[in-house]
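Heavy atoms only: backbone and side chains are in, while hydrogens, waters and symmetry mates are out. From a predicted model like this one, the values you see are computed outputs, not experimental measurements.
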Amino acid sequence: METLVIPHRLEIIRTHKAHGGWVAAVLPIHYPRALFRAFDILPVEVWGPPRIDPTLGSAHLQPYVCSIVRNALAYLLDGRLNVADFIVVPHTCDSLQGFASILIDFVKPTQPVLPIYLPRGKRLSDLIFLTDEFKALYRTLAELTHREPSPADLMAAIEREEQADDLLAQLHHDRRNLALSQTDLYRLIRSREYLPAETFVEIAGAVVQSARSLPPPNDIPIMLSGIVPEPLTLFDALTQMNAYVAADDFAACGRRLYERGSRQDPFERMAERILLAPPDSTRGSSMQDRLNHLTTLAQTTGARGIVFYDVKFCEPELFYLPVLREGLQRANLPSVVIEFDLNDGLTQQTQTRLEAFIEMIGGTQ
């Protein structure tokens, strides 16, 4: 296996700010990276983070709010997001919308809070709505930064992001032939959450170029689905269980394989790319679209079973699970549901359930 060197997010943040740029702390999941980069704002995503004291956040939230939102609020109130110049909160779910409301109306941070409202469909009206939302965000950023990137500036930023996303998709597609462990592969995939597009292109491009045809692994191929793969030691454990992640349906990873856009208007193009992403519960995709996507992904990658690995209390995901699992059963694709809290780490109970599921699907070969 190759040694993979990825700059730490704090290193990236400090370098960007040292050159006069701004930083936006971005909550999950979908947002226009290129729009922020055109303003010289580096988006750095906040997925929790895991393994912190959630007490400060818990004081302002209901006990059934997921640990991504609870930890993010605790992280912010503890001053750990002071390095950010903006707080960006997409309307991904009711919990994140509530998070934005708390910041805007009650616990007001020093940074501007920028909500982004996402449509729940792929119709022309949804494209128009999201395009207008991005135009409004542009006007807000122009007022805050005293900059006005031109359409050419926006398209140049979009091109950089599209190049990075092309490589991200290639990492997913070529995963069997990459000289990386499963853990290092996901370290690289998730570095897209904070690396500038040009830095990601340099690192991922070198990995893709060094790919070579390898014999198929003997491990049992599975698909992982959920919101975010935490902790990354999950992949070490799967490797030890002789399981191989052949397909990815994580909201943080596989559901953000944005294709290149075709529209010439930069705002329409940014909106188009998000709306054409793989089906996602948080964007209100239909049950059938989600089911078709999962079954097709399993067929094309050879995954023998699906592990729904979800953060506790994630309502968008939980709403879909009964119908999805019933449809997968009809398609002879076994599945298991495992819920976790970001602060739990990889528990023995989780490992036992994973191992039992992998042994079961391995015996059905």
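Between the side chain of N82 and the main chain of G79, a donor-acceptor pair closer than 3.5 Å is present. At distances below 3.5 Å, not a single donor-acceptor pair connects side-chain atoms of E315 with backbone N or O atoms of C93. R255 contributes no side-chain N or O that, together with a main-chain N or O of I227, makes up a donor-acceptor pair within less than 3.5 Å. Although no hydrogens or angles enter the test, the distance criterion places no donor-acceptor pair under 3.5 Å between the side chain of T296 and the main chain of H293. Between the side chain of H8 and the backbone N or O of L10 there is at least one donor-acceptor pair closer than 3.5 Å. Distance alone, capped at 3.5 Å, places no donor-acceptor pair between the R187 side chain and the L232 backbone. Panel note: side chain Y194, backbone I13; no donor-acceptor pair is recorded below 3.5 Å. Remark: the backbone N or O of L342 is paired with a side-chain donor or acceptor of S67 at under 3.5 angstrom. Between the side chain of R269 and the backbone N or O of R260, no donor-acceptor pair lies under 3.5 Å. The backbone N or O of E339 sits nowhere less than 3.5 Å from a side-chain atom of D310 that would complete a donor-acceptor pair.
Nearest heavy atoms, A74 versus D53: CB-O, 3.6 Å. L333 approaches A303 most closely through the heavy-atom pair CD2-O, 3.7 Å. Between L61 and I102, the shortest heavy-atom contact is CD2-CD1, 3.5 Å. Of all the heavy atoms in H60 and V107, the pair that sits closest is CE1-CG2, 3.5 Å. Counting all heavy atoms, side chain and backbone alike, R283 lies closest to P278 at NH2-O, 2.9 Å. Heavy-atom minimum distance, L234 versus L346: CA-CD2, 3.9 Å.
Pairs engaging residues 58-75 under the salt bridge (charged side-chain N to carboxylate O under 4.0 Å, His left out) rule: R70-D341 [sequence neighbours left out]. The stretch residues 116-132 participates, sequence neighbours left out, in these salt bridge (charged side-chain N to carboxylate O under 4.0 Å, His left out) pairs: R123-D126. For the salt bridge (charged side-chain N to carboxylate O under 4.0 Å, His left out) condition, the pairs that include at least one residue of residues 226-238, sequence neighbours left out, are R190-E230. Counting only residues at least two apart or on different chains, the salt bridge (charged side-chain N to carboxylate O under 4.0 Å, His left out) pairs with a member in residues 290-301 are D249-R290.
Looking at heavy atoms from C-beta onward, I116 lies in side-chain contact with L137 at the 4.5 angstrom threshold. T55 has its side chain out of reach of S58: every pair of non-hydrogen atoms, C-beta onward, lies at least 4.5 Å apart. Side chains of P90 and L96 form no contact here, defined as non-hydrogen atoms less than 4.5 Å apart. Between P229 and C253 the shortest side-chain heavy-atom distance falls below 4.5 Å. Contact of the L185 side chain with the Q182 side chain is not registered, since no non-hydrogen atoms from C-beta on lie closer than 4.5 Å. Between L195 and I6, the closest side-chain pair of non-hydrogen atoms falls below 4.5 Å. Proximity of L224 to F235: side-chain heavy atoms (C-beta onward) are separated by under 4.5 Å at one or more points.
Applying the side chain to side chain donor-acceptor pair (under 3.5 Å) rule to D153 yields the partners S150; only residues at least two apart in sequence or on another chain are considered. In this structure, D265 has no side chain to side chain donor-acceptor pair (under 3.5 Å) partners at least two apart in sequence or on a different chain. Taking R80 as the reference, nothing meets the side chain to side chain donor-acceptor pair (under 3.5 Å) condition, with sequence neighbours excluded. L103 is linked by a side-chain contact (heavy atoms from CB on, under 4.5 Å) to L73, L76, I87, F99, P109, V113, counting only residues two or more places apart in sequence or in another chain. Checked against side chain to side chain donor-acceptor pair (under 3.5 Å), N71 has the following partners two or more places apart in sequence or in another chain: N343. For Y117, the ring pair (Phe, Tyr, Trp, His ring centres under 6.0 Å) criterion is met by H91, not counting sequence neighbours.
Both L354 and V228 sit in one connected hydrophobic cluster of ILVMFWY residues. Membership requires side-chain heavy atoms under 4.5 Å apart, directly or through other members. Hydrophobic clustering, with ILVMFWY side chains joined whenever heavy atoms are under 4.5 angstrom apart, groups L275 together with L124.
Ring geometry for Y309 against F340 counts as parallel: the plane angle stays under 30°, on a 0 to 90° scale with 60° as the upper cut. Note: H172 and Y186 have perpendicular aromatic rings, judged against thresholds of 30 and 60 degrees for the angle between ring planes.
Interatomic distance, M270 CE to E161 CD, rounded to the nearest 0.5 Å: 10.5 Å. For the atom pair CG (L297) and CG (D248), the distance works out to 8.0 Å, reported to the nearest 0.5 Å. The OG1 atom of T282 sits 14.0 Å away from the CZ atom of F319 when rounded to the nearest 0.5 Å. Atoms CG and CG, from L257 and L168 in turn, are 5.5 Å apart once rounded to the nearest 0.5 Å. Put simply, CG on D219 and OH on Y244 are 9.0 Å apart, with the number rounded to the nearest 0.5 Å. Rounding to the nearest 0.5 angstrom, the gap separating the CZ atom in F86 from the OG1 atom in T140 is 10.5 Å.
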Test side chain to side chain contact (heavy atoms under 4.5 Å, CB included) applied to F308 and S335, step by step: CA-CA 7 Å; F308 290 100; S335 64; 3.7 Å; yes
T15 vs H19, side chain to side chain contact (heavy atoms under 4.5 Å, CB included): CA-CA, chis, key distance, verdict: CA-CA 7 Å; T15 299; H19 288 85; 3.8 Å; yes
Chi angles and distances behind the side chain to side chain contact (heavy atoms under 4.5 Å, CB included) call for T350, D344: CA-CA 10 Å; T350 292; D344 289 345; over 6 Å; no
Derivation of the side chain to side chain contact (heavy atoms under 4.5 Å, CB included) call for E162 and I158: CA-CA 6 Å; E162 289 186 341; I158 290 169; 3.7 Å; yes
Can I get a per-line list of side-chain donor-acceptor pairs under 3.5 Å for residues 141-148, giving both atom names and the distance, sequence neighbours left out?
{"unit_1": "T145", "atom_1": "OG1", "unit_2": "L141", "atom_2": "O", "d": "2.7"}
{"unit_1": "T145", "atom_1": "OG1", "unit_2": "R147", "atom_2": "N", "d": "3.3"}

List, one per line, each side-chain donor-acceptor pair under 3.5 Å for residues 27-40, sequence neighbours excluded.
{"unit_1": "H30", "atom_1": "ND1", "unit_2": "Y258", "atom_2": "OH", "d": "2.6"}
{"unit_1": "H30", "atom_1": "NE2", "unit_2": "D280", "atom_2": "OD2", "d": "2.8"}
{"unit_1": "Y31", "atom_1": "OH", "unit_2": "R33", "atom_2": "NE", "d": "3.3"}
{"unit_1": "Y31", "atom_1": "OH", "unit_2": "E45", "atom_2": "OE2", "d": "2.7"}
{"unit_1": "R33", "atom_1": "NH2", "unit_2": "E45", "atom_2": "OE2", "d": "3.3"}
{"unit_1": "R33", "atom_1": "NH2", "unit_2": "R192", "atom_2": "O", "d": "3.4"}
{"unit_1": "R37", "atom_1": "NH1", "unit_2": "E198", "atom_2": "OE1", "d": "3.4"}
{"unit_1": "R37", "atom_1": "NH2", "unit_2": "E198", "atom_2": "OE2", "d": "2.9"}

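Using modelled atom types, one finds a donor on one side chain and an acceptor on the other under 3.5 Å when comparing E317 with S281.
Environment of CD in Q329: sparse, with no more than 12 heavy atoms of neighbouring residues, nucleotides or ligands closer than 6.0 Å.
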